[in-house]
Amino acid sequence: MFEKYPKEQRYTLAMLQDLQKEYGYIPREKLLELSQYLDIPLSKLYSIATFYKALSLTPKGKNTIKVCDGTACHIRSSKSLLDEIENTLGIKPGETTKDGKFSLEIVNCLGSCAIAPVMVINDKYYGKMTSSKVREILKEYGGADDE
Amino acid sequence: MKIIIDGIVCEAEKGEMLLKIARRNHIHIPTLCHSDALPGLGSCRLCVVEILDRGRRSVVTSCIYPVKNEIEVFTHSDKIKSIRRNLLMLLYARAPQNETIDRLRREYEVPDNIRFSGGKNEHCILCGLCVKACQELGTSAISTVNRGITKKVSTPYDEPSAQCIGCGSCAYVCPTNAIKIEEHNGVRTIWNKEFQLVRCARCGKPFATMEQLEFSRKKLGSDHIELLCESCKKAVTGEKLRDIYERV
Amino acid sequence: MMNRTVYVCCGTGCLANNSMDVYKELKRLIEEYEVDADVKTIVKSTGCNGLCEKGPLVKIEPDNICYSKVKASDAEEIVKKTLINGDIVNRLLIFDTAQGKKVISHKDTDFYKCQQKIALRNIGEIDPGNIDDYIERGGYEALRKVLFHMIPDDVISEIEKSGLRGRGGGGFPTGRKWRQCYSIDNFPKYVICNGDEGDPGAFMDRSILEGDPNTVIEGMIICAYSIKSHSGFIYIRDEYALALKNMDCALRQARERGYLGRNIMNSGFDFDIEIVRGGGAFVCGESTALMQSIEGNVGEPRAKYIHSVEKGLWGQPTVLNNVETWANIPEIIMKGSDWFNSIGTENSKGTKVFSLVGKVKNTGLVEIPMGTTLRELVFKIGGGIIGDRKFKAVQSGGPSGGCIPESLMDLPVDFDTLKNIGSMMGSGGMIVMDERTCMVDVARYYINFLSEESCGKCVACREGIKRMLEILTDICNGKGSEEDLDLLENLCHTVEEASLCGLGKTAPNPVLTTLKYFKDEYYAHIRDKRCPAGVCPELTEYEIDEKLCKSCGLCAKNCPASAIRGEKGKPYHINIESCVKCGNCIDSCRFNAVGVKKGARL
């Protein structure tokens with residue numbers, strides 16, 4: 001997988017992103033492998049992996065819920081949407097449900113401000129969201145733990 | 001060329017760092033993240049000063065500001081004093097039990113009852129000197145982790161690092177003594193890793209880790225390791241010199 | 001007979017509203033119905049048209065018809081009624097509030113009439129995946145002119161004379177930047193496009209990268225020729241999947257046609273561009289952090305005592321400009337600096353693209369000449385506040401900018417004017433706020449954003465923002481004191497003066513402007529323990545005015561916490577204990593019966 005790029009430090013981020021795409025996160029063994037392949041200290045790769053939010057060192061859930069907290073969505077009450085998801089699934093942003101079904105993230109501006117507030121599950125956009133719509137939509141993906 | 005710092009005329013080379021010029025002229029500018037061996041971090045912000053350059057006043061970081069024109073510098077104007085006071089208040093809020101920070105905040109008259117919470121056992125101010133030292137050495141066992149207000153310094157996964165040789169350079173260079181080294185019964189513990197200490201062949205004192213000595217041996221490309229502590233090394237060298245003089 | 005073209009907007013906003021289904025359905029139906037026709041209708045998917053509020057948009061040329069909020073199920077009617085019979089589907093026309101009637105062409109709305117498109121000139125009119133569309137509209141003619149009829153010095157002089165200033169936020173004179181880099185005798189040199197648009201609420205750069213990637217490419221090649229650079233980078237934020245895809249495709253096509261790579265257009269000049277994908281870090285929009293990121297490091301900025309034009313990427317002379325800045329270059333070369341500097345104000349030439357979002361009716365992307373007033377932007381082009389509520393403020397410049405109150409709305413939009421009132425142009429995000437927006441919460445929101453996005457290297461920004469957030473959160477939770485306001489302002493000045501980079505230096509702007517123009521809201525939170533806008537949960541109580549309530553039950557239906565009870569004939573009632581302060585009830589009520597309790601909270 002690493003062979004796609006020249007063996008240079010400047011492709012570190014690109015390689016890490018490919019790992020992220022392939023595994024849904026960056027497994028420890030792979031980080032070590034990359035460190036040896038590029039001859040870059042593990043600590044530096046670890047620093048990069050924890051700095052950039054596109055990269056994750058812990059596995060994500062089967063479905064990733066992204067709630068937009070861009071300014072337009074924020075003033076159209078993205079917080080109450082987020083609260084409802086948190087209450088329904090029992091997780092906070094950055095966490096994954098115990099059954100591995102859902103991961104929750106806050107993102108900053110998806111560029112769909114006209115349909116604010118916006119929630120994206122995997123790659124599907126849900127616009128003009130209200131907290132009352134949350135449970136029904138989550139059911140499409142298997143619902144919360146207790147359902 | 002010449003620049004004026006606090007009314008004093010100082011010689012300066014073009015491109016020289018302002019802090020260096022000030023120090024050379026015995027003008028005091030406080031610093032925390034500056035080290036002559038590892039310059040250029042510019043993270044603690046304490047060394048900020050005001051300059052007047054071709055009619056424009058601005059605040060610059062003296063440890064990384066290269067002097068290009070014949071400027072006038074004010075190292076403790078009211079604005080600078082106010083900035084330093086706030087910076088020390090912020091550092092005190094972060095690490096209220098740290099001696100170095102406490103000493104500095106007293107110097108700048110920051111009261112000890114501040115309205116901010118937290119900072120119980122924190123001593124690190126995230127200056128980055130330890131990371132840079134470890135990097136320059138060639139081990140790179142520690143690095144900065146995360147960003148923003150959760151940024152910290154640690155080994156990968158907060159676990160003992162295979163690259164750490166227990167040399168303690170990080171602790172040595174730390175301005176606030178934030179890195180813990182414990183030595184007990186010939187064992188040194190640092191960054192959650194235990195190292196067996198090697199005893200000096202001459203005086204018997206435990207003085208370095210095996211990993212440290214092996215690392216220097218490899219770097220110097222020599223075949224054997226000299227198992228002498230710093231003071232014994234000096235003593236042995238002194239003896240050798242004495243022998244030479246006596247023979248001559 | 002001229003070819004009919006149907007343009008379906010596939011900018012990210014419309015895509016999110018299923019415009020791709022509309023495109024596919026129209027294409028399928030047209031093929032079916034025109035299977036025997038001599039001249040077939042072309043269906044193109046385009047980039048963002050700007051009027052996102054009314055999307056998905058479908059334009060039909062040369063008929064000059066524009067349909068709005070089109071669904072895939074409308075496709076058949078459009079094909080049968082309009083394309084075949086030449087009739088208009090009335091219900092799909094845009095309703096122009098200014099004229100109080102439906103209009104056939106989008107060009108008849110104030111939204112479009114007041115605009116002047118330079119950077120956005122091609123978007124919505126071309127298929128970004130097809131370089132021929134770009135070439136058909138004059139694409140790469142500017143490059144031809146530069147390569148064969150101009151010397152580097154001429155090119156830079158034109159850009160200098162045009163008065164173009166950086167569109168990313170800094171507003172630094174572009175020509176001067178190129179001139180400085182040109183004068184450094186140190187090679188290699190690099191050209192970078194900053195596509196790390198991170199301001200929440202801004203999607204101008206996204207639309208250009210998605211909808212007209214070639215204009216950026218052409219702009220960069222022109223610069224490269226003038227400073228003798230042979231290697232360029234386009235840094236695109238990780239979240240912009242479609243922009244990455246479209247730019248990649250455009251680069252490929254440009255290379256195939258000889259507009260990029262070795263011996264461009266047989267001129268002997270070599271230049272190629274590589275895409276670098278961001279990693280999800282707002283701070284990488286800062287030019288020195290961006291360069292660190294390209295080099296394979298964490299995005300930590302450095303002090304700019306030595307400019308990037310002297311020592312930038314890998315310590316080499318580098319010109320870094322924003323997407324929108326690049327998009328202007330080909331037009332300036334073709335139409336001349338005199339043309340460009342005849343538009344705009346004395347110190348801000350040309351046009352600026354703004355993303356008008358928030359509580360405004362016509363949400364979307366607009367390009368207007370510098371000097372247009374804020375009032376015209378928000379009320380004429382924007383159509384005013386949703387629900388005709390009261391305007392409160394417009395925030396410009398994202399987390400580095402400030403809030404502008406009603407009293408300043410007659411000021412012209414330009415770099416220096418905005419800076420003088422404590423805000424800044426920034427990338428061009430304009431967030432419109434109404435009486436239901438709490439300005440203290442807005443300040444807290446931006447500082448919270450920056451607390452996570454700051455690189456964390458320097459004490460002033462990292463610790464300063466942390467404590468500013470602490471104070472603002474306490475104020476929003478009713479735990480603030482009057483001393484907090486002085487301390488907050490004091491901290492703001494330290495963070496402004498002592499931070500290492502632009503992120504830290506401008507972080508206090510939203511706080512300082514809200515403190516300046518909306519101090520009364522801060523006082524209400526602190527002294528009265530009340531949030532006048534009804535946003536901060538700890539300091540808010542909603543109530544139903546019994547005199548206005550019509551017992552329709554809509555509020556109760558939309559309440560996620562089942563906190564509203566009532567029955568027909570009697571006024572409804574909110575149970576304060578169960579209320580989660582989401583505000584759905586206020587937004588649902590058509591009779592203005594639900595509101596924020598006026599009295600002090602107990």
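Order of the sequence lines fixes the chain letters, A, B, ..., with proteins taken first and strands second; residue numbering starts at 1 for each chain.
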- request: Report, as yes or no, whether the 6.0 Å neighbourhood of atom CD on B:Glu99 holds more than 12 heavy atoms from other residues, nucleotides or ligands.
  value: no
- request: Tell me, yes or no, whether the heavy-atom count around A:Asn122 atom CG, taken from other residues, nucleotides or ligands under 6.0 Å, exceeds 12.
  value: yes
Neighbour count >12 (heavy atoms, 6.0 Å) for atom CD, B:Glu159: yes
field: Best-contacting candidate, B:Val131, B:Val145, B:Thr139, against chain A by heavy atom pairs under 4.5 angstrom
entry: B:Val145
task: Indicate the atoms forming the closest heavy-atom contact of A:Ser43 with B:Ala141, along with that distance.
output: CB-O, 3.8 Å
task: Identify the heavy atoms of B:Ser143 and A:Ser47 that sit nearest to each other, and give their distance.
output: OG-CB, 3.7 Å
query: Does a sphere of radius 6.0 Å around NZ in B:Lys20 hold more than 12 heavy atoms from other residues, nucleotides or ligands, not counting ones at 6.0 Å or beyond?
result: no
Euclidean distance, A:Tyr46 OH relative to B:Asn146 CG, rounded to 0.5 Å: 7.5 Å
Over 12 non-hydrogen atoms of neighbours within 6.0 angstrom of NZ in B:Lys193: yes
- request: Check whether any side-chain heavy atom of B:Arg147 lies under 4.5 Å from a side-chain heavy atom of A:Lys53, and answer yes or no.
  value: yes
query: Can you check whether B:Tyr157 reaches A:Leu57 side chain to side chain, under 4.5 Å on heavy atoms?
result: yes
- prompt: At a heavy-atom separation under 4.5 Å, does A:Leu45 approach chain B through its side chain, its backbone, both, or neither?
  reply: neither
statement: Output for pair (B:Ser161 OG, A:Leu42 CG), nearest 0.5 Å, gives 7.5 Å
- request: Check whether more than 12 heavy atoms from other residues, nucleotides or ligands sit under 6.0 Å from atom NZ of B:Lys14, and answer yes or no.
  value: no
